[in-house]
Number of protein chains: 2
Amino acid sequence: MLYFKCKEESKGCEIMSEKKTKKEQSKIQSVARALNIVDILSSNSDGMSLAQISEKMELPKSTVYGLLATLRDFNYVSQDNESGYYLLGTRLFELGNQVARNWDIKDVAFPIMRKLNKQFGETVHLGAEDNGDMLYLEKLESDSLLDISSGVGLRLPMHCSGLGKVLLAEKSPAELKRYIIQKGLTPLTKRTITTQKELEKELARVRKQGYAIDDGEIMEGLRCVGAPIQDANGKVRYAISVSGHIKNMYGKRLDNIIHETIKAADEISKTMITR
Amino acid sequence: MLYFKCKEESKGCEIMSEKKTKKEQSKIQSVARALNIVDILSSNSDGMSLAQISEKMELPKSTVYGLLATLRDFNYVSQDNESGYYLLGTRLFELGNQVARNWDIKDVAFPIMRKLNKQFGETVHLGAEDNGDMLYLEKLESDSLLDISSGVGLRLPMHCSGLGKVLLAEKSPAELKRYIIQKGLTPLTKRTITTQKELEKELARVRKQGYAIDDGEIMEGLRCVGAPIQDANGKVRYAISVSGHIKNMYGKRLDNIIHETIKAADEISKTMITR
DNA sequence: TTAAAAATTCGATAATACCGAACGATAATG
DNA sequence: CATTATCGTTCGGTATTATCGAATTTTTAA
């Protein structure tokens, strides 16, 4: 399975420095440290030893030991039976799914997304903004084995995805500017929009059209159609997209996909409002 | 959508008292308290105010406030824009999916589960033991709209599910006894096995057959076939099941489902070992 | 407008998290 | 097999830091 470049390098993004400062100032030291451990473990799927963790955190082993013990009591981390390495625990899996279950959007969107998915055999995504990133809430895989895929629970920058552009298009000029300052316009491919001017123009088009196209801006060869969804209060807060290889996404078929994606998004919006 | 009775009442289970003691003894007080807040929020999908949380925890508001602020900095909790109520945050969603992604079993099992799901049009589950509970790792929904469903990330007792019985059957008599003492044999329906003797007999049958049947022991009218999966070391650690309404799960078709479920489980096992 | 309730800030206090050192256990090395 | 090195774990003194109650501010309700 192929992931986007960004994969586990949510670290890579420069904004982290700013975030980290905030976290370090955080009220309760020990809690912040404990959650930092979780962050560290989340970037090492093979697990880490106590020594490794305490080295990375630049804290004495005994300190980290206590924090880890507490996290383990709550099943936020588990230990590999043989190696004794620490891993993320099942409670996080449980909680993550609980969070997902609380979002009413998923129940509404799922069947409609499935219809879209079957209709075209392409990957269908549901996403929302979270702290200036696109967060993927749901994904239905393409039929094609060559599934160029993101993943549920992963983040991507907003300015280069169909989903993201749809949501950015809703922002006021001031909000947009803040977004750019905060997040930057990092290119993922040579097609990625990297200037404010270009982005503004693109977003104006999105607003006019009522949908957004990502044309290889995340990944070469990947084209994707995003359409906005309104929540129960009529505010655009989600989006769906259909993505596939360029060779399946052009001409008449693309027009059809655009039309059906918008239709599906509208259907979801309507259901969200009238429930 | 219908969930099992147990739904969000993971609280309901009496074992919690024992667990809580352990948690309260936990090394780092503030961390334990913070994670307790998460637990509390996870049982209130509508969110809670600071006052409510601090009341439930029997702690001063200012104490809880600091903990909440820290959790919020890490996006473990978020605040509803209007009400200001605290909710579980997106970071938990992110982490939960990360945990899932780290489990190699899912990648292997998914396509095979999908085949099973399409073949019979019934719900297919993947589960593992976690602290003496069945934890549902993956689920493919039935075609039928009347989908009697559990959910990914939810727990059920082991002694009454097809998945659970398959895994219990692997335990030594001593381990089984410990399970019973710790978890008890709580009935969910009048068909649920509630005595050690009966359970031992049932598990012997499961071992002999190589599969387990849950015949309305979780929910009246629900029948389900579970088969064991070995991990890369050859140890049975997972199971899959096919479940549906009794009216679709009997006679020749049931035999067929049993056969195919075992076949699928074996296929997954083989792939797990040879990779 | 006033009152009531909730959220947030503040500061003194001592409880508690922290750290370094010491101890076992286990693995690696000669 | 002996020795060293590494890792995880325990312990107790210390002062940092979480805690708590009261005061302040903000929001909501009347």
Side-chain angles (χ1 to χ4, degrees), chain A residues 20-41 43-89 233, chain B residues 20-41 43-89 233:
Chain A
K20 208 163 204 173
T21 335
K22 199 177 170 188
K23 282 184 188 176
E24 273 160 11
Q25 286 169 359
S26 224
K27 308 256 160 180
I28 311 297
Q29 189 187 58
S30 52
V31 176
R33 286 176 170 181
L35 302 188
N36 262 323
I37 291 177
V38 174
D39 278 354
I40 287 171
L41 288 177
S43 55
N44 273 56
S45 61
D46 307 324
M48 294 173 82
S49 69
L50 170 62
Q52 290 173 314
I53 299 169
S54 70
E55 190 199 20
K56 188 148 200 172
M57 298 188 59
E58 303 179 43
L59 286 175
K61 281 188 297 177
S62 49
T63 302
V64 176
Y65 182 79
L67 298 168
L68 273 170
T70 312
L71 289 169
R72 196 184 39 201
D73 282 348
F74 283 80
N75 290 314
Y76 277 56
V77 307
S78 65
Q79 273 184 289
D80 187 273
N81 279 334
E82 299 106 48
S83 63
Y85 275 24
Y86 289 93
L87 299 159
L88 295 185
N233 305 316
Chain B
K20 209 162 202 174
T21 334
K22 198 176 170 187
K23 282 185 187 176
E24 274 161 9
Q25 284 170 0
S26 224
K27 307 254 160 183
I28 311 296
Q29 187 187 59
S30 52
V31 176
R33 285 176 170 182
L35 302 188
N36 262 324
I37 291 178
V38 174
D39 279 354
I40 287 171
L41 288 177
S43 56
N44 272 57
S45 61
D46 307 324
M48 294 173 81
S49 69
L50 169 64
Q52 290 173 313
I53 299 169
S54 71
E55 190 199 20
K56 189 147 199 174
M57 298 189 57
E58 302 180 44
L59 286 174
K61 280 189 296 176
S62 49
T63 302
V64 176
Y65 181 79
L67 298 168
L68 272 170
T70 311
L71 288 169
R72 195 184 39 200
D73 282 349
F74 283 79
N75 289 313
Y76 277 55
V77 307
S78 65
Q79 273 184 289
D80 188 274
N81 279 335
E82 300 106 47
S83 64
Y85 274 25
Y86 290 93
L87 300 158
L88 295 186
N233 305 315

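Every chain is numbered from 1, with letters handed out A, B, ... down the list of sequences. In this text the structure is predicted, and so the values were computed from the model without any measurement.
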Using a heavy-atom cut-off of 4.0 Å across all strands, would you classify [X] as base, sugar-phosphate, or nothing?
| X | value |
| --- | --- |
| A:Thr63 | base |
| A:Tyr86 | sugar-phosphate |
| A:Ser62 | base |

Expressed as a whole number of angstroms, how long is the span from [X]:[atom1] to [N]:[atom2]?
| X | N | atom1 | atom2 | answer |
| --- | --- | --- | --- | --- |
| B:Leu68 | D:dC20 | CG | C1' | 16 Å |
| A:Lys27 | D:dC20 | NZ | P | 16 Å |
| A:Tyr65 | C:dA17 | OH | C1' | 16 Å |
| A:Glu58 | C:dC19 | CD | C1' | 15 Å |
| B:Ile53 | C:dT8 | CD1 | C1' | 15 Å |
| B:Leu67 | C:dT9 | CG | P | 15 Å |
| B:Glu55 | C:dA6 | CD | C1' | 13 Å |
| B:Lys61 | C:dC10 | NZ | P | 16 Å |

Taking all non-hydrogen atoms of both residues into account, name the closest pair between A:Thr70 and B:Ile28 and its distance.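 Shortest heavy-atom contact: OG1-N, 3.2 Å.
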
Closest heavy-atom contact between B:Lys61 and B:Ser54?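 Here B:Lys61 and B:Ser54 meet closest at CG-OG, 3.3 Å.
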
Along DNA chain C (nearest heavy atom to each residue), the more 5'-positioned of B:Arg72 and A:Pro60: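 The residue whose closest nucleotide sits nearer the 5' end is B:Arg72.
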
Do A:Asn36 and B:Phe74 make a side-chain contact, defined as non-hydrogen atoms from C-beta onward lying under 4.5 Å apart?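 Side-chain contact under 4.5 Å: yes.
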
Measuring only between side-chain heavy atoms, which start at C-beta, is A:Ser78 closer than 4.5 Å to A:Leu88?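 A side-chain contact under 4.5 Å is absent here.
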
I'd like to know if the side chain of B:Asp80 pairs up with that of B:Ser83 as donor and acceptor (distance under 3.5 Å, no hydrogens or angles considered).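 Side-chain D/A pair, B:Asp80 to B:Ser83: present.
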
Report yes if a side-chain nitrogen or oxygen of A:Arg33 is closer than 4.0 Å to either non-bridging phosphate oxygen (OP1 or OP2) of C:dC18; otherwise report no.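 Yes, because at least one side-chain N or O of A:Arg33 sits under 4.0 Å from OP1 or OP2 of C:dC18.
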
Quick one: is B:Gln29 getting a side-chain N or O under 4.0 Å of the D:dT19 phosphate, OP1 or OP2?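 It does, given that an N or O in the side chain of B:Gln29 lies less than 4.0 Å from OP1 or OP2 of D:dT19.
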
Go through C:dT9, D:dT19, C:dT8 for me and flag the one nearest to the B:Leu50 side chain.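 Of all the options, the side chain of B:Leu50 is nearest to C:dT8.
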
